[in-house]
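Atoms within each ligand, like the ligands themselves, are counted from 1 in listed order. In this chain, numbering begins with 1 at the start of the sequence shown.
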Amino acid sequence: EVGGAVPEAQKASWGSFIKSIASFSGDLSSMTAPSFILSPVSLTEYPSYWGEHPDLFAACAQGRDDVERMTNVLRWFIATLKGQYTSRNTSMGSEKKPLNPILGELFIGSWPEQKGEGETTLVAEQVSHHPPITAYHISNEKAGVSLEGHSAQKTSFTGRSITVKQVGHAILRVQRKDAQGGEDLYLITLPQLSIEGILWGAPYIELSGANHIISSTGYAATINYTGKGYFSGKAHSFKASIAPTSKLDAVLYSAEGEWSGVSKWKKAPPGQDSVFWDANNDRREIQVQPLEKQGKMESRKVWEKTAEGIRSGNYDAASKDKSRIENEQRAKRKEETAKGTPHQLEMFVHVPEDQEFVKLISAVSKGATEDTYRRKPRVH
Ligand code: CLR
């Protein structure tokens, strides 16, 4: 039944929303959607999913050798997927449409140290409004691990589902603990996702295709995704393998299972448990300053009234406040153009060609190039 999960009063508007998705491909985030599908959370908050297992993040620097460190990086990566792609279903009943960040919007927070792993900090900034691009930097100085990346999406509608190609990549930097020092890099590419359950009115994400973690140490991990009806017959499944970058089919170790549940080693390193990762382990939510201490560009401050309206079901108030914000933004852009003083990024600088990406990606895709955003050096 089309729209079966949609509240009776919103069936018509859900129908026209689906039609507008179908006839309009590109930037979904700027489309008006029925209220039942709105989330009170802005997309600038999403990079925090990368940090919700601070112990595994810190463990990326541990391991006796490059291969063991790659298995730790792979475990941390797999552990982030449940939060990234299923947490709105868990907390709000279905996938939702996030608030579309304004240019320069910031999200800042941390995961305080709990068990000697060190403090993990996050800054994210909306570096482009149209198309929406979010840059982020997550760091644990004590562990010597940081993650820097940016995230954008290209969406298209395929009849019953929305296909989202993730644009952007992340680089994990790990300080070496041996005598020479220096750092190891891990380029992380991102999987494709599809939003299923659209017609029914209860959207959820499934991952498909593959992504890579390619390290300057000479090893790479390849992760292949499938959903219901493919090799395992189970939703949210993956198979991951670790191999030398120069010979990706010479698999050293592999793991498989559900990224939102339990996964096991298929070909295990010596002395390892059979379980690779159990996603039922707790995720740690990021901590942010109380609202009254936040700056005016900080996400929860910007969207305070809109979010309150969505949370309390006062959608008129929410949409009024959202329009106020959008109008202010238009006026700001106009003024900047008139004065010849374009918006300046606060925390990041745009890098037109990411040389680290170009170098590491060449193992799987010759000649590929991408831009990136780097955290500005901090003046202490
Ligand atoms: C953003 C980057 C994160 C992972 C992630 C998870 C969910 C994705 C989101 C990204 C981008 C925006 C997204 C969202 C799910 C739904 C939403 C694609 C990739 C779109 C814009 C809203 C569609 C509206 C439907 C719910 C009908 O690391």
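Within the 3.5 Å criterion, the main-chain N or O of G309 finds no donor-acceptor partner in the side chain of N314. Between the side chain of Q10 and the backbone N or O of F36, at least one donor-acceptor pair lies under 3.5 Å.
Evaluation of the side-chain contact (heavy atoms from CB on, under 4.5 Å) rule for V351 yields T372, R374 as partners, not counting sequence neighbours.
H169 approaches Y136 most closely through the heavy-atom pair O-OH, 4.4 Å.
Applying the salt bridge (charged side-chain N to carboxylate O under 4.0 Å, His left out) definition to pairs two or more places apart or across chains, those involving residues 89-111 are R88-E95. Residue pairs that meet the ring pair (Phe, Tyr, Trp, His ring centres under 6.0 Å) test with at least one member in residues 307-353, sequence neighbours left out, are H350-Y373.
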Just list the N/O pairs, ligand 1 to protein, that are under 3.5 Å apart, with the distance for each.
from: ligand 1; atom 1: 28 (O); to: Q84; atom 2: OE1; distance (Å): 2.5

